[in-house]
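Here the structure comes first, spelled out in structure tokens, and everything after it is commentary.
Ligands are counted one by one from 1 in listed order, and the atoms in each one are counted from 1 as well. For this chain, numbers begin at 1 and follow the sequence in order.
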Amino acid sequence: MDDYLVRVITEEKNIIGLACITTNLVDHARQRHGTYPTATAALGRALTGGELMGALLDPGQRVALKFTGNGPLRKIIVEAEGDGTVRGYVEVPQVDLPPKDGKLDVGGAIGREGYLTVTKDLRLKDPYNGIVKLYTGEIASDIAFYLTESEQIPSAVGLGVYLEIDGRVSASGGFLVQSLPPADNTLIDALADHIQGMPPVTRQLRDGMTPEDILAGVFEGIPYRTIETRQLSFRCSCSVARIEQALITLGSSQVEDIIRDQKVFDISCHFCNRNYVFPKDHLLRLVREMH
Ligand SMILES: [Zn+2]
């Protein structure tokens with residue numbers, strides 16, 4: 001099944017529901033970054049959370065999530081665009097902790113002490129910034145806490161990444177449910193009951209259920225309609241041209257120093273781990289262009 005997201009709204013237009021499957025893009029990120037199992041689960045949940053947050057934006061807008069904690073992963077950064085693409089990385093990919101209560105210990109990897117910072121580029125003059133303390137470090141509850149506390153939109157979030165023994169991602173996805181004002185508390189209680197009674201997202205996906213099926217469970221007995229289905233993918237915006245631009249910004253004397261000291265310029269993109277090597281003649285051409 002391809003990665004995709006479904007967005008629905010209740011007939012009363014007071015609750016939005018999103019659900020997605022991200023198995024392919026999370027496994028792609030695992031391969032690119034060489035993440036160990038606990039790091040894969042943490043990155044996968046954050047990428048999936050980013051896709052859900054990104055789906056609330058308009059095309060051209062962007063949201064970045066930064067999790068920093070006192071655990072061995074240190075930091076996760078995810079950027080999602082309003083068009084269904086996402087990119088992201090963990091600072092320390094080689095993190096694998098013993099399971100906790102039979103689950104991958106994502107909270108232990110990130111750490112219980114730390115912050116979630118959300119930056120939204122809405123193409124206005126200044127980006128919007130919100131910051132909350134980590135709630136559990138398990139990602140889903142941290143995003144729900146952020147949305148409820150910082151944006152004042154009561155939200156429920158579920159995220160899950162399931163790994164095979166060999167580390168491959170065989171199921172990944174999530175859901176996000178938001179209550180729009182005016183709040184209908186009876187309806188919110190009913191949704192909370194449905195969500196609490198549901199099997200974990202990874203269980204549902206492994207049983208062959210789709211994002212549509214997950215939403216059908218969340219909204220059981222509540223009339224709603226689908227407003228959007230979108231494809232999701234991992235995509236990074238880095239390119240040779242962008243690295244050239246960064247070198248040009250450094251200035252010709254800095255680039256001449258690189259040529260003298262290092263001969264080649266070698267850099268990897270944090271977000272996708274793609275490696276760029278600029279040989280001496282390429283650097284010399286850039287210096288000539290700068291003069
Ligand atoms: Zn990149």
Side-chain angles (χ1 to χ4, degrees), residues 2-5 20 22-55 57 59-68 73-95 109-110 116-123 127 129 139 159 161 167-169 172 230-251 254-255 258 262 264-280 282-283 285-286 289:
D2 282 343
D3 294 339
Y4 71 99
L5 178 145
C20 64
T22 55
T23 309
N24 297 322
L25 75 88
V26 170
D27 197 54
H28 179 78
R30 171 189 71 84
Q31 293 177 51
R32 281 202 162 268
H33 292 295
T35 45
Y36 288 17
T38 317
T40 303
L43 179 59
R45 287 188 202 173
L47 288 167
T48 305
E51 289 283 29
L52 291 165
M53 300 269 288
L57 303 174
Q61 299 182 337
R62 183 188 304 169
V63 62
L65 310 179
K66 181 170 79 172
F67 297 86
T68 51
L73 269 184
R74 300 170 62 95
K75 187 166 76 176
I76 309 177
I77 302 211
V78 162
E79 286 184 10
E81 306 273 342
D83 66 357
T85 61
V86 70
R87 61 181 190 162
Y89 67 97
V90 296
E91 181 148 320
V92 183
Q94 300 84 9
V95 173
I110 293 175
L116 164 59
T117 310
V118 176
T119 306
K120 286 186 182 176
D121 181 355
L122 305 176
R123 298 285 154 116
N129 263 301
I139 312 277
L159 300 168
V161 177
R168 253 179 333 113
V169 178
S172 175
R230 64 166 70 181
Q231 299 295 310
L232 303 178
S233 62
F234 186 100
R235 191 178 73 202
C236 190
S237 52
C238 68
S239 64
V240 169
R242 285 204 173 193
I243 311 262
E244 281 182 342
Q245 198 50 51
L247 284 165
I248 289 166
T249 309
L250 278 178
Q254 289 267 22
V255 177
I258 292 170
Q262 299 166 233
V264 296
F265 180 65
D266 187 316
I267 192 168
S268 290
C269 172
H270 278 309
F271 281 99
C272 68
N273 212 26
R274 184 173 163 196
N275 186 243
Y276 293 88
V277 179
F278 285 52
K280 190 177 170 182
H282 191 155
L283 295 170
R285 180 162 56 77
L286 281 178
E289 284 169 14

Side-chain donor-acceptor pairs under 3.5 Å in residues 237-247, sequence neighbours left out?
from   : atom 1 : to     : atom 2 : distance (Å)
Ser237 : OG     : Arg87  : NH1    : 3.2
Ser239 : OG     : Arg242 : N      : 3.1
Arg242 : NE     : Ser237 : O      : 3.4
Glu244 : OE2    : His282 : NE2    : 2.7

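Shown here are the side-chain hydrogen bond (donor to acceptor under 3.5 Å, both in side chains) partners of Asn273, two or more places apart in sequence or in another chain: there are none. Taking Asp121 as the reference, nothing meets the side-chain hydrogen bond (donor to acceptor under 3.5 Å, both in side chains) condition, with sequence neighbours excluded.
For the Zn ion (ligand 1), the tally of protein N/O/S atoms lying closer than 2.8 Å stands at 4.
Other residues, nucleotides and ligands contribute only 12 or fewer heavy atoms inside 6.0 Å of the CZ atom of Arg74. Surrounding CZ of Arg32 are more than 12 heavy atoms belonging to other residues, nucleotides or ligands, all under 6.0 Å away.
Aromatic ring orientation, His33 versus Tyr89: tilted (interplanar angle from 30° to 60°).
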